[in-house]
Colleague: 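Handing you this structure, nothing more for now.
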Protein chains: 2
Amino acid sequence: MFEQEQEAHSFFLLLDGHVRVIKTTPDGQEVTVRYISPGELMGIAHALGRTTYPASAIAAIDCVLLAWPGHLWPKFANAFPNFGANTYKTVGSRLQDAHTRVVEMSTEQVDQRVAHALLKLVKQTGRKTDEGIMIDFPISRQDIAEMTGTTLHTVSRLLSSWEEKGLVKSGREKVTVVEPHRLLVLAEGRTGKN
Amino acid sequence: MFEQEQEAHSFFLLLDGHVRVIKTTPDGQEVTVRYISPGELMGIAHALGRTTYPASAIAAIDCVLLAWPGHLWPKFANAFPNFGANTYKTVGSRLQDAHTRVVEMSTEQVDQRVAHALLKLVKQTGRKTDEGIMIDFPISRQDIAEMTGTTLHTVSRLLSSWEEKGLVKSGREKVTVVEPHRLLVLAEGRTGKN
DNA sequence: CGAGCCATTGATTGCCCTCAAATCTTGTGG
DNA sequence: CCACAAGATTTGAGGGCAATCAATGGCTCG
């Protein structure tokens, strides 16, 4: 969709689908910053006084989106006051999300971080099924690892162990949370291991 | 100065001194989000559509600051267009900082994170001395640990080993970077250990 | 039906946290 | 001016969590 460091030519409104926003380190490792859901703005570098995109955006599944050239941003902000105000509220909540991530990475074990990540995805994009709440796009162990700063191996082990205990069900690029409440207990408390 | 979750009654402009912004987890661990330097705004919850402070602010040394009641924010933004624009640029750069932190926490070892933290502090608040560049306020091993998601013990070991190699000089609540360039190499590369 | 990716699982290693105790620095009060 | 207390720092020993290394098995799609 767009690439890190690239000239910020446009900004977008996601109508349908899911987009993964990633940052790539100089040595090639990728970190997932966030997932964008339908209805959200993206590529709003202009609003923050930037001229290049700070991250890359990749469609997690097929998407439908609107795009405007970046130079229209000031016009929009002037013409629709609510547009501007709303944007800054969005930016504020992203800043908060980022800080939450920092706190989590600083204080929590890997299993708690993975649990939190799953719960966030479920809350954001969950679709109810007869087995539980499913994350509504294909997501691999590798993807989850890039969200939580761990490896796909560790994620795989955690999901396997949670599946044994009936907390989740998972398959190829697919995760369903069966018991959100018990998963939350695991995410918050430092009580029961694995 | 103000406390996390507290009603955001005021916003501030720091004139002199240094302020530590921290978040506290439910179980009492503290994570340092950032340090504020003279000339920066703080407590700008209002600009982001919040009514409570998202973090706590504590003076790292004696400070001088201006405070305005929060309800004046909209007035300021209207009266001085540059004021608003500048604020959002500030918020944008903080968002970027936070994302950088997330990437660092996800991909780097502890020694790299500590090196990056020292370099950032030196760049932000450094004062030139005849031995190198000193961080311009009292900062303990514990403080550095809270910035980097590690323990004071590990920070102590790292500083000791760096002092042996002539990269830094440190004392009680005091750190001086002697060779910023070599420290940067250590922060970036994954070559030489300890 | 084979190629390519995704996932699972075991074994091993090592970084860094935890626990523990001694030493140093600074400020205070007698 | 000295003794002492409180907090900061150093350093050692040991252990655990998760990364790394390694190999196999399973799912999809062309």
Side-chain angles (χ1 to χ4, degrees), chain A residues 20 25 27-31 58 60-62 104-115 117-118 135 137-165 168-176 186 190-194, chain B residues 20 25 27-31 58 60-62 104-115 117-118 135 137-165 168-176 186 190-194:
Chain A
R20 195 154 54 101
T25 63
D27 59 311
Q29 288 184 79
E30 296 186 341
V31 177
I58 295 180
I61 45 173
D62 291 347
E104 283 180 8
M105 304 273 320
S106 296
T107 62
E108 295 180 353
Q109 307 287 87
V110 167
D111 56 347
Q112 293 178 280
R113 299 206 302 269
V114 172
L118 289 182
I135 294 171
F137 55 86
I139 185 166
S140 69
R141 308 291 184 266
Q142 176 71 41
D143 294 333
I144 298 173
E146 286 177 6
M147 296 181 67
T148 50
T150 180
T151 63
L152 74 162
H153 308 278
T154 298
V155 173
S156 176
R157 282 181 233 274
L158 285 172
L159 287 182
S160 295
S161 115
W162 289 344
E163 183 140 14
E164 269 179 31
K165 302 168 70 181
V168 304
K169 275 193 182 297
S170 69
R172 184 191 175 85
E173 301 200 313
K174 182 167 71 70
V175 179
T176 303
L186 201 156
R190 201 69 214 91
T191 50
K193 287 281 168 21
N194 283 352
Chain B
R20 195 152 53 99
T25 63
D27 59 312
Q29 287 183 81
E30 296 186 342
V31 177
I58 296 180
I61 44 175
D62 290 349
E104 284 180 8
M105 304 272 321
S106 296
T107 63
E108 295 177 355
Q109 306 287 87
V110 167
D111 56 348
Q112 295 178 279
R113 299 205 302 268
V114 172
L118 290 182
I135 294 170
F137 55 86
I139 184 166
S140 70
R141 308 291 184 266
Q142 175 72 40
D143 294 333
I144 297 173
E146 285 176 8
M147 297 180 67
T148 51
T150 181
T151 62
L152 75 162
H153 308 278
T154 298
V155 172
S156 175
R157 282 181 236 273
L158 285 172
L159 287 183
S160 295
S161 112
W162 291 343
E163 185 142 13
E164 270 178 32
K165 301 169 69 182
V168 304
K169 274 191 182 300
S170 69
R172 185 191 175 88
E173 299 199 315
K174 181 167 73 69
V175 179
T176 303
L186 201 158
R190 201 68 213 92
T191 51
K193 289 280 168 23
N194 283 351

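Below, chains carry the letters A, B, ... as their sequence lines are ordered, and counting in each starts from 1. What you see is a predicted model, and the numbers here were worked out from it, not measured in a lab.
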Colleague: Any idea which of dA7(C), dA18(D), dC15(C) is nearest the Ser156(A) side chain?
Modeller: dA7(C)
Colleague: Given dC6(C), dT10(D), dA11(C), which nucleotide is nearest the side-chain atoms of Ser160(B)?
Modeller: dT10(D)
Colleague: Of the nucleotides dT9(D), dA19(D), dA7(C), which has the atom closest to the Arg141(A) side chain?
Modeller: dA7(C)
Colleague: Using the C1' atoms of five pairs at each end, what's the angle between the two axes of the helix from dC1(C)-dG30(D) to dG30(C)-dC1(D), to 10 degrees?
Modeller: 40°
Colleague: Would you say the side chain of Leu152(A) lies within less than 4.5 Å of the side chain of Asp143(A), judging by non-hydrogen atoms?
Modeller: no
Colleague: May I ask you to verify if any side-chain N or O of Thr154(A) is less than 4.0 angstrom from the OP1 or OP2 atom of dA19(D)?
Modeller: yes
Colleague: To the nearest angstrom, how far is Lys174(A) atom NZ from dG26(D) atom P?
Modeller: 17 Å
Colleague: Mind checking the CZ-NE2 spacing from Arg141(A) to His153(A)? Nearest 0.5 Å is all I need.
Modeller: 13.0 Å
Colleague: Would the base of dT23(C) count as contacting Arg172(B) through its side chain, where contact means a donor and an acceptor less than 3.5 Å apart?
Modeller: no
Colleague: For Glu104(A), which residues count as a salt bridge (Lys or Arg N to Asp or Glu O under 4.0 Å) partner, sequence neighbours excluded?
Modeller: none
Colleague: Can you identify which nucleotide, out of dT8(C), dT18(C), dA18(D), has its nearest atom closest to the Arg157(B) side chain?
Modeller: dT18(C)
Colleague: Which is true for Ser140(A) with a 4.0 Å heavy-atom rule: it touches a base, it touches only sugar-phosphate, or it touches nothing?
Modeller: sugar-phosphate
Colleague: Nearest to the Thr151(A) side chain among dT10(D), dC16(C), dT20(D), which nucleotide is it?
Modeller: dT20(D)
Colleague: Using the closest heavy atom to pick a nucleotide of DNA chain D for each, name whichever of Glu108(A) or Ser170(B) lands nearer the 5' end.
Modeller: Ser170(B)
Colleague: Taking the side chain of His153(B) as heavy atoms from C-beta outward, which of dC19(C), dT25(C), dA22(D) is closest to it?
Modeller: dC19(C)
Colleague: Could you give the CD-to-C1' distance, from Gln112(A) to dA18(D), as a whole number of Å?
Modeller: 14 Å
